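Just so it is clear, the values below take in all heavy atoms, side chains as well, and ignore hydrogens, waters and symmetry mates. Below, chains carry the letters A, B, ... as their sequence lines are ordered, and counting in each starts from 1. These numbers were taken from a predicted model, which means no experiment stands behind them.
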Amino acid sequence: MIDAGDLIGWYARAQRDLPWRRPGVSPWQILVSEFMLQQTPVARVEPIWLDWIARWPTPSATAAAGAADVLRAWGKLGYPRRAKRLHECATVIANDHDDLVPDDVETLLSLPGIGTYTARAVACFAFRQRVPVVDTNVRRVVARAVHGLPDAGSPSARDLADVAALLPDDETAPQFSVALMELGATVCTARSPRCGVCPLRQCAWRAKGFPAGAGPVRRTQRYAGTDRQVRGRLLDVLRGSTSPVTRAELDLAWTTDTAQRDRCLDSLLVDGLAEQTADGRFVLFGGAGEAGGADAQAVTAHSDSSAAEANRRR
DNA sequence: AAACCGTGGGA
DNA sequence: TTCCCAAGGTT
């Protein structure tokens, strides 16, 4: 059992001063932070988020921006499809929700790029709702403090029930949830937990003598030489230029495996992250012309139809 | 449901 | 140097 009072009291003095936690930050701006924080460390998100919300403070402002500018502003945060989905999400909110972020989990879940974690995080942190919020930090803290396990297992429906059972039955629930996440992020960390400064008086893992884990269940995916790296290189070239880039320039971004490079370029078109101008050069998606590059063509007949499909907005 | 999707910093 | 990991989502 985790004592909510202990945890919230600790958070009050130990929390990091993160810009999206400050007073006056809107639900949309909190949502933007959640998108950026998906699989990306706080330190890298902070400067991008500050520039971003100063430039595009609302969903409609974001939607009005071209996708290319959004992709460029995203910079090297990683997983650029998140930027595209954020742009799509802004468009849906601006068009279908009166420019207001929905406040219920169900509706939030229906938006592009919003899954089970983000929907709950927005409902909780932006709208102060008493809903369990489960991220990787929370799963790890619960695994240790409650179940006495060294690490969280694979995500399961049980995670939600576990956290729901811990949640205070009053309006302090959101504070409890941020605090739980903060504890996992700064004290009960994956690598070297700082148990010496942990505010929890009860911890099943400690009670058992900190049994060691079996190590990573599965080897992490390697990165060097993967399509992800190649796509990253290609996109970096496109990001760095406001004018269309020739095929030859892109070819320089990856020369060791030309077939792989071609396949990756095609996949970027299919994913709607890049597009081709009428004269055959390449740009970030939405950067080819007015109407978001409606005149763009894809490289092959195959990807042409796929790209059209991928680019369609729903 | 396992695999894929970027990137950089720390151990 | 290599490997791990970081407020996940989608297919």
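Salt bridge annotation for A:D271-A:R231: present, with a cationic side-chain nitrogen under 4.0 angstrom from a carboxylate oxygen. Remark: A:D251 engages A:R247 in a salt bridge, criterion side-chain N to carboxylate O under 4.0 Å.
Between A:I53 and A:V25, the closest side-chain pair of non-hydrogen atoms is not below 4.5 Å. With contacts defined as side-chain heavy-atom distances shorter than 4.5 Å, the pair A:W254/A:C264 does not qualify. The side-chain heavy atoms of A:I30 and A:P27, taken from C-beta on, include no pair separated by under 4.5 Å.
If you check distances only, the side chain of A:R81 never reaches the base of C:dT10 with a donor-acceptor pair under 3.5 Å.
Among the protein residues, A:G78 comes within range of the nucleic acid bases, having at least one heavy atom under 4.0 Å from a base atom. Using a 4.0 Å heavy-atom criterion, one finds that A:A185 contacts the sugar-phosphate atoms exclusively. Residue contacts shown for A:P155 are absent, as no nucleic acid heavy atom lies under 4.0 Å away.
Across the protein-nucleic acid pair, A:L235 atom CG and B:dT7 atom P stand 7 Å apart, rounded to whole Å. Spacing between atom CZ of A:R228 and atom P of C:dA6 amounts to 15 Å, rounded to whole angstrom units. As rounded to whole Å, 13 Å separates atom P of C:dG8 from atom CG of A:L77. Atom P of nucleotide C:dA6 and atom CZ of A:R82 are separated by 15 Å, given to the nearest angstrom. Between the NZ atom of A:K76 and the P atom of B:dT7 there is a distance of 6 Å, rounded to whole Å. Atom-to-atom, CG of A:L109 to C1' of C:dG8 comes out at 13 Å; the value is rounded to the nearest Å. Going from atom NZ of A:K84 over to atom P of C:dG9 covers 19 Å, rounded to whole Å. In this structure, A:Y223 places its OH atom 13 Å from C1' of B:dC4, rounding to the nearest Å.
Taking A:W205 as the reference, A:F210 meet the ring-ring contact (aromatic ring centres under 6.0 Å, His included) condition, with sequence neighbours excluded. Shown here are the ring-ring contact (aromatic ring centres under 6.0 Å, His included) partners of A:W56, two or more places apart in sequence or in another chain: A:W52. Taking the ring-ring contact (aromatic ring centres under 6.0 Å, His included) definition, one finds that A:W10 meets it with nothing, sequence neighbours left out.
Of the residues in residues 162-183 of chain A, none lies under 4.0 Å from DNA chain B by heavy-atom distance. Taking every heavy atom of residues 131-147 of chain A and every atom of DNA chain C, pairs under 4.0 Å involve A:D135, A:T136, A:N137, A:R140, by number. Within residues 10-34 of chain A, no residue has a heavy atom under 4.0 Å from DNA chain B. Residues of residues 47-58 of chain A that place a heavy atom closer than 4.0 Å to DNA chain C do not occur. Looking at residues 186-199 of chain A, you'll see A:R191 sit with a heavy atom under 4.0 Å from some atom of DNA chain B.
A salt bridge (Lys or Arg N to Asp or Glu O under 4.0 Å) check over residues 160-187 of chain A, counting only residues at least two apart or in different chains, returns the pairs A:R16-A:E182, A:R21-A:E182, A:R130-A:D169, A:R158-A:D162. The salt bridge (Lys or Arg N to Asp or Glu O under 4.0 Å) contacts involving residues 56-78 of chain A comprise A:K76-A:D236, where partners must be two or more places apart or lie in separate chains. Counting only residues at least two apart or on different chains, the salt bridge (Lys or Arg N to Asp or Glu O under 4.0 Å) pairs with a member in residues 22-36 of chain A are A:D17-A:R22. Among residue pairs with one or both ends in residues 95-122 of chain A, none qualify as salt bridge (Lys or Arg N to Asp or Glu O under 4.0 Å); sequence neighbours excluded.
Nucleotides C:dA7 and B:dA3 place their P atoms 23 Å apart, quoted to the nearest Å. The gap from the C1' atom of B:dG6 to that of C:dC5 amounts to 13 Å, rounded to the nearest Å.
No path of Ile, Leu, Val, Met, Phe, Trp and Tyr side chains, each step under 4.5 Å between heavy atoms, connects A:L252 with A:L234, placing them in separate hydrophobic clusters. A:Y117 and A:L109 end up in different hydrophobic clusters when Ile, Leu, Val, Met, Phe, Trp and Tyr side chains are linked at under 4.5 Å. When the side chains of ILVMFWY residues are joined at heavy-atom separations under 4.5 Å, either directly or via intervening members, A:I8 and A:V163 end up in a single hydrophobic cluster.
Distances shorter than 4.0 Å separate none of the side-chain N or O atoms of A:Y79 from OP1 or OP2 on B:dT7. The side chain of A:Q39 contributes an N or O atom lying less than 4.0 Å from OP1 or OP2 of C:dG8. Here A:T118 reaches the OP1 or OP2 of C:dG9: one of its side-chain N or O atoms lies under 4.0 Å away. Dashed line: the shortest gap from a side-chain N or O of A:R231 to OP1 or OP2 of B:dG6 is under 4.0 Å.
Partner of A:W20 under the ring-ring contact (aromatic ring centres under 6.0 Å, His included) criterion, chosen from A:W49, A:W28, A:F35: A:W49.
Using modelled atom types, no side-chain atom of A:D51 and backbone atom of A:I48 make a donor-acceptor pair closer than 3.5 Å.
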Set out, in order, the CA-CA distance, both residues' side-chain angles and the distance that settles side chain to side chain donor-acceptor pair (under 3.5 Å) for A:Q175 and A:T172, then state yes or no. CA-CA 5 Å; A:Q175 284 299 298; A:T172 64; over 6 Å; no

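Which of C:dG9, B:dC5, C:dA7 sits closest to the side chain of A:D227 comes down to B:dC5.
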